[in-house]
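Any value given below was found using the heavy atoms of this structure, including those in side chains, with hydrogens, waters and symmetry copies removed. Being a predicted model, the structure only gives us computed values, none of them experimental. Sequence lines set the chain letters: A, B, ... in the order given, protein chains first and strands last, and positions in each chain run from 1.
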Protein chains: 2
Amino acid sequence: MGVTIKDVAKAAGVAPSTVSRVIADHPRISLATKKRVKKAMKEMGYHPNANARSLANKSSQSIGVVMPAGADNALQNPFFPEVLRGISNIAHSMDYSLLLNTGQTDEEILEGVKRMVHSNRTDGIILLYSQLNDPVVNFLLEHNFPFVIVGKPSERIDEITHVDNDNVRGGKEITEHLIQQGHERIAFIGGSTDLVVTVDRMKGYQLALEEAGLPFLEEYRIHTEFLESGGQQAVNELFALENPPTGLVVTDDLMSIGVVSMLEKCGKYVPEDISLVSFNNVYLSEITRPPLTTVDIHIYELGQQAAKCLIEKVKDKSEPAKRVIVPYTIQYRSSTIERDMPYIK
Amino acid sequence: MGVTIKDVAKAAGVAPSTVSRVIADHPRISLATKKRVKKAMKEMGYHPNANARSLANKSSQSIGVVMPAGADNALQNPFFPEVLRGISNIAHSMDYSLLLNTGQTDEEILEGVKRMVHSNRTDGIILLYSQLNDPVVNFLLEHNFPFVIVGKPSERIDEITHVDNDNVRGGKEITEHLIQQGHERIAFIGGSTDLVVTVDRMKGYQLALEEAGLPFLEEYRIHTEFLESGGQQAVNELFALENPPTGLVVTDDLMSIGVVSMLEKCGKYVPEDISLVSFNNVYLSEITRPPLTTVDIHIYELGQQAAKCLIEKVKDKSEPAKRVIVPYTIQYRSSTIERDMPYIK
DNA sequence: TACAATAGAGATAACGCTTACAAACATAGA
DNA sequence: TCTATGTTTGTAAGCGTTATCTCTATTGTA
C-alpha cells in the first residue's frame with residue numbers, strides 16, 4: 001500500500017541502495033542525485049518503514065519505559081507523567097520512540113520486560129523505580145541489556161547507570177530546616193522500605209537528627225502506602241504517644257496531602273499544630289493547602305537525563321556505567337512554622 | 001546473536017515454515033511435531049523477532065497512545081496514568097505493545113503521530129483528549145487510519161469511534177445535587193472551552209439550572225487553567241459580585257483542589273461557606289480535605305474500553321464507528337452542605 | 001600517456017519471519 | 001494394484017531496508 005524505497009528509486013531513476021544512502025545522508029553521494037531523490041521522496045510521500053529498518057539494522061530506535069507495578073493508586077502520582085515528559089522530550093529530539101510497559105503485578109512487569117527485550121522491539125530500557133532485589137534488574141543485567149534506573153539501584157550500584165537525586169542530603173537538609181525552626185520532635189512518614197528512595201530519605205532524616213543531638217526513635221517512624229486505612233491508624237498512634245511530634249518529614253507530596261487530611265481529622269492543623277515538609281514538588285504541592293515546603297527533585301530533568309544516558313549507552317554499548325545526580329532545590333512554602341518549645345524528656 | 005527460527009527448525013529437524021506454523025498455532029500440524037518444535041524452542045530460548053514479524057505481517061501488534069500537548073502542568077493530572085493503566089491492561093492481555101507519544105506543542109504531537117503512522121510502527125491510535133478542530137484527528141481521518149478517542153469528538157462524531165462518559169448528564173446530575181441541597185446561586189469553573197469535555201459538563205450544568213428555573217449567568221462562569229495567576233483573579237472577581245455563588249461546579253478534581261485553596265485565601269471555606277462538586281474521582285479527591293463530592297467517571301474502564309475498541313477496529317478495518325458510554329457514578333463526600341437560603345434577586 | 005586512486009552509483013545478499021504453492025506421504029475406495 | 005483424497009511438511013518468494021562488494025567514470029600523479 002505504502003510507497004517503498006523501490007518506488008522512489010524507480011521514480012528518481014536510481015537504485016534502491018542509492019535512495020537508502022540519501023536517507024542515511026551518506027557522504028559519497030553527489031548533490032545532484034541527492035536532490036533528485038529527495039524531490040522524488042517528497043512528491044511520492046515516501047516514509048521509511050520502521051520495521052524493515054529495524055530488521056536490517058538490528059536496532060529499533062525506540063526505548064522502553066517501565067513503570068512500577070500498580071494495582072494500587074501509586075501510579076496516580078504525578079511523578080510519572082512528569083518523568084515521562086522529560087524522557088519523551090529527549091527521545092523525541094533524538095528520533096527515538098517510547099515503548100511503555102506497565103502491569104498490575106511484578107510478574108506481569110517482568111514478563112513485559114522480557115518480551116520487549118527478546119522481541120528486539122527496544123534498544124534500551126528506563127526503569128522508573130528502584131526496589132530491593134528487583135528481578136527485572138537481574139534479568140537486564142544477566143542479558144547485558146542497556147538500561148538505566150531513575151533512582152538508586154539497590155545493589156551492584158557501580159554496574160548500573162542511574163540518575164538520581166542526593167536523597168540522603170535532601171532528606172537531611174529538609175529535616176534540618178525543621179530543626180532550625182525549633183522542632184525537636186520530628187517524625188518520619190514514608191512508603192515501603194523496599195523502595196530505595198524511602199530508605200535514602202530516611203537516612204538523611206536520621207543524619208540530621210543525630211547531628212542535632214536529637215533521638216532517632218522507632219516509634220517516630222511510619223511506613224505506609226496510605227491506601228489501606230492502616231495509614232490513618234498509624235497516624236493516630238503517632239499522636240497518641242506521650243510526646244507526639246511537632247514536625248513531620250513525609251517522603252512524597254501526594255502522601256503529604258493524605259497526611260494533612262488525616263491530621264485534620266484528628267483536629268491537628270498544619271502548620272499551626274504541626275509542621276510538615278515533603279518531597280518532589282509536584283504541581284499539587286503548590287496548589288494544596290497549605291502549600292508544601294518540599295524538596296524539588298526536578299522530575300522533568302530526571303527524565304531527560306535518564307533518556308540521555310540511555311541513548312548514549314545504546315549507541316555505544318561499551319559506555320561505562322554512570323551515575324548522574326540531579327541537584328535538588330528546596331521550595332520553602334507555608335507548611336512549616338517556627339517553634340520554640342524545647343524537647344521534653 | 002539471537003536464536004532464529006532457522007536454528008530452531010534445524011534443531012527440531014523440520015523446516016522453518018513448520019516452526020512458524022507452530023508459533024501461529026496453525027491447525028494443520030501434527031501434535032508430534034508441534035511438541036518437538038516447542039521443546040526445541042524452549043531449550044534454545046527462542047523468541048520471535050517482532051520486527052521481522054511486523055514486516056512480514058504488515059502489522060506491528062502495537063498501539064499508539066497520544067497524550068495532549070503539555071508544556072504546562074496539565075499532564076500532572078492523575079487522569080493520564082490511570083487511563084494508561086486501563087489501556088495497558090487490555091493491550092497486555094491481547095499481546096499488544098504500547099507506543100507513547102507526547103510533546104510540548106500541538107505541532108510536535110502531530111509530527112509524532114505522523115511518524116507513528118507512516119513508519120508502520122503502530123496499528124492504531126488512541127487519543128487521550130479531544131479538542132476543537134484537532135489537526136491530528138483530521139490527519140487520521142484522511143488517512144483512514146484506525147483510531148479511537150477517549151472523550152467526545154468535536155466533529156464528524158459518527159465517523160469516529162470514541163469512548164466517553166455522558167458528561168452532559170453527569171454535569172446535570174451533579175449540579176442537581178447542589179440544587180437539591182438548596183443552592184440557588186451556583187457558579188461553574190472549568191478548563192478551556194476548546195476542550196469538548198468542558199463544554200459538555202457545562203451544558204449539563206446549564207440544563208440543571210434551567211430545569212430548576214435558576215438563571216444561567218455569564219458572570220458565574222470561569223474558564224481557566226489555574227496555571228496562570230489569572231485563576232486567582234477570576235475567583236476573586238466571582239466573589240466580589242453583588243450576589244456571590246454558594247455552590248461551585250468544577251470540571252476537574254485537580255482544579256478543585258486549586259479552587260479550594262484559593263477560596264481559603266479569601267477566607268471562604270468548603271463546604272461551610274461554599275459547596276463544591278467536581279469530576280473524575282481521582283485518588284486525590286478522596287484524600288484531600290475536604291474529600292470531594294465528585295462524579296466518578298471510571299477512568300480505568302475508559303482506558304480499557306478504548307483499547308478494546310481500537311483492537312477490534314485494528315483487526316477488522318471495516319468495523320463501523322462505535323460510541324461507548326461508560327456509566328458514571330457519583331461519589332458523595334463532604335464538599336457540599338445543605339443550604340436553605342433562597343435565591344436573592 | 002599510462003596507471004593508480006577515488007568518487008559515485010548499481011547489484012546483490014542479508015535481516016527473520018510468513019505464506020502461497022508444491023510435494024510427499026498415508027489412507028481409503030474401486 | 002491403482003487412483004483419489006486428505007493430511008502434513010517442505011520450498012521459495014516475498015516484506016522494505018541496509019550493507020557489502022563491484023563496476024565505471026573521473027581525477028590526479030609520475
Self-check item: Spacing of I5(B) atom CD1 relative to dT11(D) atom P, expressed in whole Å
Solution: 14 Å
Quiz prompt | N51(B) side-chain N/O to dG16(D) phosphate OP1/OP2 under 4.0 Å | solution = no
Quiz prompt | Partners meeting side chain to side chain contact (heavy atoms under 4.5 Å, CB included) with S54(A) (sequence neighbours left out) | solution = S60(A), N51(B), R121(B)
Practice problem: Could you tell me whether D25(B) and K34(B) make a salt bridge, using a distance below 4.0 angstrom between a side-chain N and a carboxylate O? | Solution: yes
Exercise. Would you mind telling me which of dT17(D), dG16(C), dT18(D) lies closest to the side-chain atoms of A52(B)?
Key: dG16(C)
Self-check item: L55(B), nearest nucleotide to its side chain (from dT17(D), dC17(C), dG16(C))
Solution: dG16(C)
Quiz prompt | Pairs meeting criterion ring-ring contact (aromatic ring centres under 6.0 Å, His included) with involvement of residues 16-43 of chain A, two or more places apart | solution = none
Anything under 3.5 Å between a donor and an acceptor, one on a side chain of residues 310-317 of chain B, the other on a protein residue two or more places apart or in another chain? List them.
residue, atom, partner, partner atom, Å
E312(B), OE1, K322(B), NZ, 2.2
K313(B), NZ, E319(B), O, 3.0
D316(B), OD1, S318(B), N, 3.0
D316(B), OD1, S318(B), OG, 2.7
D316(B), OD2, S318(B), OG, 3.3
K317(B), NZ, N144(B), O, 2.9

Practice problem: Rounded to the nearest angstrom, tell me the gap between atom CG in N57(B) and atom P in dG16(D). | Solution: 12 Å
Practice problem: Sequence neighbours left out, what passes side-chain hydrogen bond (donor to acceptor under 3.5 Å, both in side chains) with T33(B)? Give chain and number order. | Solution: S30(B)
Quiz item: When you check every protein heavy atom under 4.0 Å of nucleotides 7-12 of chain C, what one-letter string (B, S, -) results, 5' to 3'?
Solution: BSBBB-
Quiz prompt | Terminal axes of the helix from dT1(C)-dA30(D) to dA30(C)-dT1(D) (five pairs each): angle between them, nearest 10 degrees | solution = 60°
Self-check item: Heavy-atom closest contact (A306(B) atom, V150(B) atom, distance)
Solution: CB-CG2, 3.7 Å
Exercise. For H26(A), answer base if it contacts any base atom (sugar-phosphate contacts may also be present), sugar-phosphate if it contacts only those atoms, and nothing otherwise; contact means non-hydrogen atoms under 4.0 Å.
Key: nothing
Quiz item: Can you tell me how far P of dG16(D) sits from NE2 of H118(B), to the nearest Å?
Solution: 15 Å
Quiz item: What's the CE-P distance between M41(A) and dG16(D), to the nearest Å?
Solution: 17 Å
Quiz item: Listed by chain and number, what are the side chain to side chain contact (heavy atoms under 4.5 Å, CB included) partners of N138(B), not counting sequence neighbours?
Solution: N133(B)
Quiz item: Taking NZ from K58(A) and C1' from dG16(C), how many angstroms apart are they, rounded to a whole number?
Solution: 8 Å
Exercise. Examine dT18(D): is either OP1 or OP2 under 4.0 Å from a nitrogen or oxygen in the side chain of S20(A)? Give yes or no.
Key: yes
Quiz item: Quick one: is dT18(C) close enough that its OP1 or OP2 comes under 4.0 Å of any side-chain N or O from R53(B)?
Solution: yes
Self-check item: Spacing between K6(B) atom NZ and dG10(D) atom P, to the nearest angstrom
Solution: 15 Å
Quiz item: In whole angstrom, what separates N49(A)'s CG from dC17(C)'s P?
Solution: 17 Å
Exercise. Give every residue pair that meets the ring-ring contact (aromatic ring centres under 6.0 Å, His included) criterion with at least one member in residues 77-122 of chain A, sequence neighbours excluded.
Key: H118(A)-F139(A), H118(A)-H143(A), H118(A)-H47(B)
Quiz prompt | salt bridge (Lys or Arg N to Asp or Glu O under 4.0 Å) involving R115(B) - partner list, sequence neighbours excluded | solution = D95(A)
